2 protein chains.
Amino acid sequence: MTKLKRFIPAVDWLSRYDRGQLSNDLLASIIVTIMLIPQSLAYAMLAGLPPQMGLYASILPLVAYAVFGSSRTLAVGPVAVVSLMTATAVSQVATPGSPEYIAVAILLALLSGLFLIAMGLLRLGFLANLLSHPVISGFISASAILIAISQLKHILGLKVEGQVLSDIVPALLQGLGATSIPTLIIGALSVAFLFWVRSRLQALLLALGIAPHWASMLVKAGPVAAVLVSIGAVAGLQLADQVRIVGAIPQGLPPLTLPPFDAELWGKLLPAAILISVVGFVESVSVAQSLAAKRRQRIDADQELVGLGAANVAAAVTGGYPVTGGFARSVVNYDAGAQTPLAGVFTAVMIAITAVFLTPLFYYLPNAVLAATIIVAVLSLVDLDAIRRIWHYSKQDFAALAGTIVMTLLAGVEAGIVTGVTLSILLFLWHTSQPHMAVVGQVPGTEHFRNIERHQVITSDKVLSIRVDESLYFVNARHLENQIGKRVAGHTALTDVVLMCPAVNMIDASALESLEMIASRLASAGIRLHLSEVKGPVMDRLERSDFFEHFTGQVFLSQYEAMHTLDPEVTERAAKSVRTALKQVV
Amino acid sequence: MTKLKRFIPAVDWLSRYDRGQLSNDLLASIIVTIMLIPQSLAYAMLAGLPPQMGLYASILPLVAYAVFGSSRTLAVGPVAVVSLMTATAVSQVATPGSPEYIAVAILLALLSGLFLIAMGLLRLGFLANLLSHPVISGFISASAILIAISQLKHILGLKVEGQVLSDIVPALLQGLGATSIPTLIIGALSVAFLFWVRSRLQALLLALGIAPHWASMLVKAGPVAAVLVSIGAVAGLQLADQVRIVGAIPQGLPPLTLPPFDAELWGKLLPAAILISVVGFVESVSVAQSLAAKRRQRIDADQELVGLGAANVAAAVTGGYPVTGGFARSVVNYDAGAQTPLAGVFTAVMIAITAVFLTPLFYYLPNAVLAATIIVAVLSLVDLDAIRRIWHYSKQDFAALAGTIVMTLLAGVEAGIVTGVTLSILLFLWHTSQPHMAVVGQVPGTEHFRNIERHQVITSDKVLSIRVDESLYFVNARHLENQIGKRVAGHTALTDVVLMCPAVNMIDASALESLEMIASRLASAGIRLHLSEVKGPVMDRLERSDFFEHFTGQVFLSQYEAMHTLDPEVTERAAKSVRTALKQVV
């Protein structure tokens, strides 16, 4: 039972389910459903897929996540960035609009699901950490801009293909003359209305005396209002010939689908599936963790991988496309009081009812309105403030962010994310390749040793003490050799060098080799090398090697002990009153 | 003048050259020449090139390095591993034995030279650090095995093509029946003789009363003895029809060559040129540093790049192929008393004289003898002891080493080095992705805080103190969130968490985001987050960000101060006598 609980979290919370939770979950699911219906249709359109696939991706995947996921309140389904990535990946191997395009999108969900499950079972969740915050932030902002611009075609009523700015923008500009005026009016009104809802409605409702909780829920229903009003307008004003509409959506439950095995195609799609999985997982798990923390619950990253993987496999077998946990809808779910993943199951049931009975309702829904909901939703993802903050905090992080944004916009989502990861790893390695090193001396009147460039300290002519502020490993091992060589060169009176290691968390085999090299080079110049303040785990490992068989120096517990042993005159001087000591230094 | 000195080190040492240095340099150059002639011929054969190219690569490149290099004693020229890498790279684009093959090898030297110079001018020497010690060690050992096995064909008198074990070994086994017995006898005798020279001769000479210095020099002349004796034997016994011999080598100075520009070919060769450059540089610079340290001289890595780059460009314009600093010959040069790079110039002059006048001497030289010198030389590069030591020291480093060896043997030198670098970076990131974290408590009777799992310490129910032993950056930021979430979960009495950071050398933007996330999640659970013992540079950077605008906790200079402020009862208890304190803990 405990084991079952570990692999199927639902076993745990279902066994303690009660009536109070039920009513909370039901209410939350109704609100999420209202939000999810227009989103599902819109994101399917963004992915280049028929609208019903958005609904299909919002039924069984929710149930699968409810069973296997570890978050109580995460709401999964189609999301903007993953939909864009799906469009990019699928259009590389199939023609948009063709039956193959649909089949490949379904296959992508399967590959993505299998990859996520494999990562979870192999406990490889840490790989997702390779996506740094600046890379994700830059990627999401750039993708949002890319998505918003790509949706302009629906607002203008134009036909434009392409996944990168250099394809989309010229095509939009060329097509401007053919803009459909009724479409533009509907689209522009929708965008304006949705922006107004997002920025002003809540304040207005509060001013009208509506409770904050309900005001915030009503704001989320804005897209549904736009959808219903525009359907009414198109039908009433008989605009169906002049604006592109969603049209007939097949009624019924999702079909059962099983993507065929085609080794070549699987191989081609795998890199895209991996990127989609990792990006989706990182986004999803950070939402899940934020929400869990508020109620002091825990998220298990590896279980999340399995949960999201199961959701994607569920999407693949029921005619959907890649899904993940959505930020906005999860927050709504949480705020509406969802207690357990059963809220997701109720949402799935309501979406299924929609798919079976309500799709004729959307016949007259203009694509421009769906595009408007996408544009307003994604523009809130553009985080200029994060860009500014990262610029001020660290130029290195900013470089990774800028590289990601530029490559995402110019070369597409896949090139963007790969560039970002590579850049951030190389920049980190570069940063640690030149660790901060300081020659230290004793602070008069204390047993502390500090950087001679920052403090008035007492130093020895015979003993050089160098503190290194970084783990020692292959990327900086040679730098250490150089630096010590440089600092020793010319010091003719030198008899001892002490390497002070309080911030050295690791010494790998390369650094060990370098230390031996340094020791032997110093020895051939008649100088002994010593270590001080070596951390426990680092010392344990050094003792397991044959390092100390050749090492002729000593290992001191403290730098004070080192100096006291090697040049007691210094520690004596430092022990005298600060004034006397300072005089002697001058 | 100072500026000129910086870019052309020769300006410096030439201006202070004297007669004593001259005689030392001359003597060293004679000994190095004797060693270099058979090596040049042999390594050219290993690279699949005509023997004179080995000589050409040992003339102008030595002069170029003497002008631009920063080491006083490094001896450059063709070396075993780079020759193998050249053979691998060139045979991918040209047929061995064809004129194109020779042209491509020359071009490879040019590309390699330009790349090294560019790295040096852009001060990108740190990129070479991506080659960790286990990767280089594994790569050299595996290459040596590959080279030794590939040379067996010359010992057996067989024709065998291929650059990887899976090609060479089956071809050797199939050809065994066609072994040339005279060739095998000469080859086997040469191998036996050279092993004997290497392992026993020095002791014998010492026993005969020869001075250690001269004994060691005589040992280095072993290959020349083998060459002369075998030439005599083949000529005297008229074996030229039965064993493959070097044959006619064109007499004369190196030709002037200029590889034509062919964008496609350059693009194809560039990755190989980069690998050859980096491997050659890493090997060379470590020899140079070891020798420089003995005389308290300094090596400038970026200047070394320029020096080796100039040497390779020089090789390319005079019909040579990629060169680098050789380990054995540099040590011989140093031991023979070389004082300045002028020793290299003298060596170049003597090799030039050889190329002009002495090449007919080598007509009867059997290829089997050259193969024997290669085999004996490279087998000493196989470092089983390093493999054993790395296995004991760190399984992570061993994994990188094993991956490099296996891939080098099975898939060739390029795959081997790329696998090694990728593996070692990923393993390092993986290592830092789960930093050591310890809950700490106060050691009774002191102001120190230690791991509660290792020491008898006093802890607080209200204040949780966690020490993290790693820089905080994107790869471990999420782990930190998880760990703190995990350790806080369930502690209902908790009011404060203190993150103790004495070993945190860096907090990047991702980790900053995580810290803010942790603080806000803890806050929503009614817990405050504090920091203690934050390093100066890390604090500087945090203060530059808006972190402290939202941060509601405190930053304590010491963990003691943190505990004394947040839960003085603990520090009071600890201040009491150790005995009383221990009783209270129990």
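Worth saying up front: this structure is predicted, and the values here are computed from it rather than measured. Just so it is clear: chains get the letters A, B, ... in the order the sequence lines come, proteins before strands, and each one is counted from 1.
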Interatomic distance, B:Ser520 atom OG to B:Leu515 atom CG [nearest 0.5 angstrom]: 11.5 Å

Contacting moiety of B:Gln396, where chain A heavy atoms sit under 4.5 Å: side chain

Heavy-atom pairs under 4.5 Å with chain A, option from B:Thr432, B:Ile390, B:Leu429 with the top count: B:Leu429

Contact class of B:Val135 relative to chain A, heavy atoms under 4.5 angstrom: neither

A:Tyr473 side chain near B:Asp397 side chain, heavy-atom distance below 4.5 Å: no

Main-chain N/O of B:Ala503 paired with A:Asn505 side-chain donor or acceptor, under 3.5 Å: yes

Beyond-backbone contact of B:His479 with B:Ser433, side-chain heavy atoms, under 4.5 angstrom: no

Distance (rounded to the nearest 0.5 Å) between B:Glu543 CD and B:Asp540 CG: 6.5 Å

Max heavy-atom pair count under 4.5 Å with chain A, selected residue of B:Lys486, B:His431, B:His436, B:Glu481: B:Lys486

Any A:Ser137 side-chain heavy atom under 4.5 Å of A:Leu401 side chain: yes

Contact winner vs chain B - A:Met517, A:Lys535, A:His392, A:Gln434, heavy-atom pairs under 4.5 Å: A:Lys535

Part of B:Leu512 within contact of chain A (heavy atom distance under 4.5 Å): side chain

Residue part contacting chain A, namely of B:Glu470, when any heavy atom lies under 4.5 Å: both

Contact leader toward chain B among A:Asp508, A:Asn476, A:Ile425, A:Asp300, where contacts are heavy-atom pairs under 4.5 Å: A:Asp508

Portion of A:Leu427 that has a non-hydrogen atom of chain B nearer than 4.5 angstrom: neither

Heavy atoms of other groups near B:Phe551 CZ, more than 12 under 6.0 Å: yes

Geometric cation-pi criterion, A:Arg544 with B:Tyr393: 6.0 Å, 45°: no

Residue A:Phe398 excluded, over 12 heavy atoms near CZ under 6.0 Å: yes

Chain A contact via B:Ile507 - side chain, backbone, both or neither, heavy atoms under 4.5 Å: both

Atom group of A:Arg389 that falls short of 4.5 Å from chain B, counting heavy atoms: side chain

Structural part of B:Asp546 lying under 4.5 Å from a heavy atom of chain A: side chain

Among the listed options B:Ala301, B:Ala509, B:Ala523, the residue most often paired with chain A at heavy-atom distances under 4.5 Å: B:Ala509

Between B:Gly485, B:Ser424, B:Pro502, the one whose heavy-atom pairs under 4.5 Å with chain A are most numerous: B:Ser424

Heavy-atom proximity to chain B below 4.5 Å, by part of A:Ile136: side chain

Check: B:Val440 and B:Val457 side chains under 4.5 Å, non-hydrogen atoms: no

Approximate separation, where rounding is to 0.5 Å, of B:Phe547 CZ and B:Glu516 CD: 6.0 Å

Per-residue contact mode, A:Val504 against chain B (heavy atom under 4.5 angstrom): neither

Interface moiety of A:Leu130 toward chain B, non-hydrogen atoms closer than 4.5 Å: both

Which portion of A:Asn482 sits near chain B, non-hydrogen atoms under 4.5 angstrom: both

